Amino acid sequence: MATVDSSPSSEIPLSIRVNSRRSNNTVHPFEITLNQTKTRTNEYRKVKKHYKKWFPWLIPFFVVANIIVFVITMYVNDCPKNSVSCIARFLHRFSFQPFKENPLLGPSSLTLQKMGALDVNKVIHRHQGWRLITCMWLHGGVFHLLANMLGILVIGTRLEKEFGFVLVGLLFLISGFGGSLLSALFIQSNISVGASGALFGLLGGMLSELITNWSIYDNKLAALFILVVIIVINLAVGILPHVDNFAHIGGFLTGFLLGFVFFIRPQFGWVNQQYAPVEYSPSQSQAKPKFKKYQCILLVLSLIIVIVGLSVGLVALLRGVDANDHCSWCHYLSCVPTSKWSCHTEAAYCLSNELGNQLNITCSSNGKSNIYYIQDPTNSQIQQLCTQLCA
């Protein structure tokens, strides 16, 4: 998820490749290896049904949908018509905004607002709560889109193979909503776009799946270490300026909790005894439970926390609560100021005077002024020039 304002905005989530088939070097070993004789081939096939492989189609569909929405956004943006200068003008109305305005090779912030970017002011005062969902289908530029889609495609398809399109699709959408919600509670001065909240939800779900199905894994500690390192690195990128780390954190926490609910698996012992011959069936006292107690406890607690957390957060947002008023240090989770960059951003406001084909624009925030020669400039063109001048 990237915040978009008068300053260049970007997000650089790392692309991760995570294996999901069982081997000595995998992170998600789901393939069952049972020491059965040839006379029990049918029983083996029945057991395999509990761990069937799904054909992944929903996550690739989400990726294609994001790409289509980006193309539509660039069509609506129409840089040659609304801006003085553009990048790759040979693309005509699909050309990009200037690097100074958008270094990600993408549309203007005004276009993103029109298309449904997360704008807290409009969510609260104009009752446009749908922006909490639509913002996760928009991206700030080509680089932003490619980084998110690569991560979603690699991680999401592997989870969909193991758990099916329904569970993974629900986790993707709810995590994206959770990321947007936390972002809206803490970042209320800028607009925000991107599917990285959902991407981090997939990472969170992968981690909780490993924990809740701990007993069926080989190389458990190695798998846990790899996942934690991947997650920490990606969250660390979020402390850079103009990156909405609250969307990352909100999506990750939502996905992590939902993973305990959606990705719980029955124990091998229970599956085996379901298809054991009658003479070998265990007695009632020796029968193994389908799930371990800790799995059930984590499921119930996680479900309660998700429902309560999202409900309370949504009510607080619609009442206009600014979470920064209740947590003075939380802003450091999204940006840590250094001598190299500042975390302070504000919207671009300018004063403009028009005389014939001469347009004089002065940025209110930095005092810069410039004269442009444009015949009958539109409001969109003036705003674009203002954004570039204040950047």
Side-chain angles (χ1 to χ4, degrees), residues 1 13-14 16 18 20 27-28 30 59 62 132 136 148 151-152 154-160 162-164 166-186 194-217 220-239 244-265 291-292 294-314 323 330 333-334:
M1 182 78 73
L14 300 182
I16 310 107
V18 182
S20 65
V27 173
H28 272 3
F30 291 119
I59 291 298
F62 284 163
L132 293 167
M136 63 184 287
N148 274 349
I152 289 172
V154 171
I155 299 172
T157 52
R158 296 188 180 280
L159 282 175
E160 189 177 349
E162 307 298 341
F163 298 99
V166 175
L167 297 180
V168 175
L170 284 173
L171 184 136
F172 182 92
L173 296 174
I174 299 174
S175 296
F177 174 78
S180 299
L181 187 58
L182 191 65
S183 172
L185 287 170
F186 281 97
S196 51
L199 170 59
F200 273 79
L202 294 175
L203 276 172
M206 187 174 285
L207 178 60
S208 56
E209 190 277 326
L210 171 62
I211 295 173
T212 195
N213 299 319
W214 187 257
S215 62
I216 71 174
Y217 278 92
K220 305 171 186 179
L221 294 179
L224 180 62
F225 176 77
I226 292 173
L227 276 176
V228 170
V229 169
I230 290 171
I231 292 166
V232 169
I233 291 175
N234 277 267
L235 288 175
V237 173
I239 66 174
D244 186 358
N245 210 29
F246 286 112
H248 298 175
I249 296 171
F252 172 78
L253 292 177
T254 304
F256 179 71
L257 293 171
L258 288 176
F260 291 117
V261 179
F262 291 161
F263 297 158
I264 184 173
R265 284 187 179 276
F291 302 109
K292 291 185 177 292
Y294 79 87
Q295 289 180 297
C296 299
I297 294 174
L298 288 174
L299 185 152
V300 174
L301 289 179
S302 298
L303 185 60
I304 293 174
I305 294 173
V306 167
I307 294 175
V308 173
L310 294 180
S311 300
V312 172
L314 185 58
C330 285
L333 294 175
S334 187

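Worth saying up front: this structure is predicted, and the values here are computed from it rather than measured.
Note: S180 OG to L185 CG = 11.0 Å, rounded to the nearest 0.5 Å. One finds the CG atom of L167 at 10.5 Å from the CG atom of L159 (value rounded to the nearest 0.5 Å). Rounding to the nearest 0.5 Å gives a distance of 12.5 Å between CZ of F263 and CG of L299. Put simply, CE on M206 and CD1 on I230 are 8.0 Å apart, with the number rounded to the nearest 0.5 Å. Taking CG of N234 as the reference point, atom NE2 of H248 lies at 8.0 Å (rounded to 0.5 Å). Of the inter-residue distances, the one linking L182 atom CG with F252 atom CZ reads 13.0 Å to the nearest 0.5 angstrom.
Under the 4.5 Å side-chain criterion, counting only non-hydrogen atoms from C-beta, I249 is not in contact with F200. The shortest side-chain heavy-atom distance between L173 and F177 does not fall under the 4.5 Å cut-off. Side-chain atoms of L314 and L310, non-hydrogen and from C-beta on, never get closer than 4.5 Å to each other.
In terms of modelled atom types and a separation under 3.5 Å, the side chain of S183 and the main chain of G179 share no donor-acceptor contact. A donor-acceptor pair under 3.5 Å links the side-chain atoms of S208 to the main chain of F256, judged by distance alone. Formation of a donor-acceptor pair under 3.5 Å by the N213 side chain with backbone atoms of I216 is not found in this model.
Between T254 and V306 the shortest heavy-atom distance is O-CG2, 4.5 Å. Considering all non-hydrogen atoms of both residues, T212 and Y294 come closest at O-OH, 3.0 Å. Minimum heavy-atom separation, K292 to S215: CE-OG, 3.7 Å. The nearest pair of heavy atoms linking F246 to S334 is CE1-CB, 3.4 Å. The two residues I155 and L199 come nearest to each other via the heavy atoms CD1-CD1, 4.1 Å. Across all their heavy atoms, R265 and Q295 have their closest contact at O-NE2, 3.2 Å.
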(message) Please determine whether side chain to side chain contact (heavy atoms under 4.5 Å, CB included) holds for the pair V168 and L202, giving the CA-CA distance in whole Å, both sets of side-chain angles, and the decisive distance to 0.1 Å.
(response) CA-CA 8 Å; V168 175; L202 294 175; 4.2 Å; yes

(request) Let me see the working for F260 and I211 under side chain to side chain contact (heavy atoms under 4.5 Å, CB included), right down to the final yes or no. (result) CA-CA 8 Å; F260 291 117; I211 295 173; 4.0 Å; yes

(request) Start with the C-alpha gap between L207 and L224, add the side-chain angles, then the distance that decides, and say whether side chain to side chain contact (heavy atoms under 4.5 Å, CB included) holds. (result) CA-CA 7 Å; L207 178 60; L224 180 62; 3.6 Å; yes

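The ring of F172 has its center closer than 6.0 angstrom to the ring center of F62.
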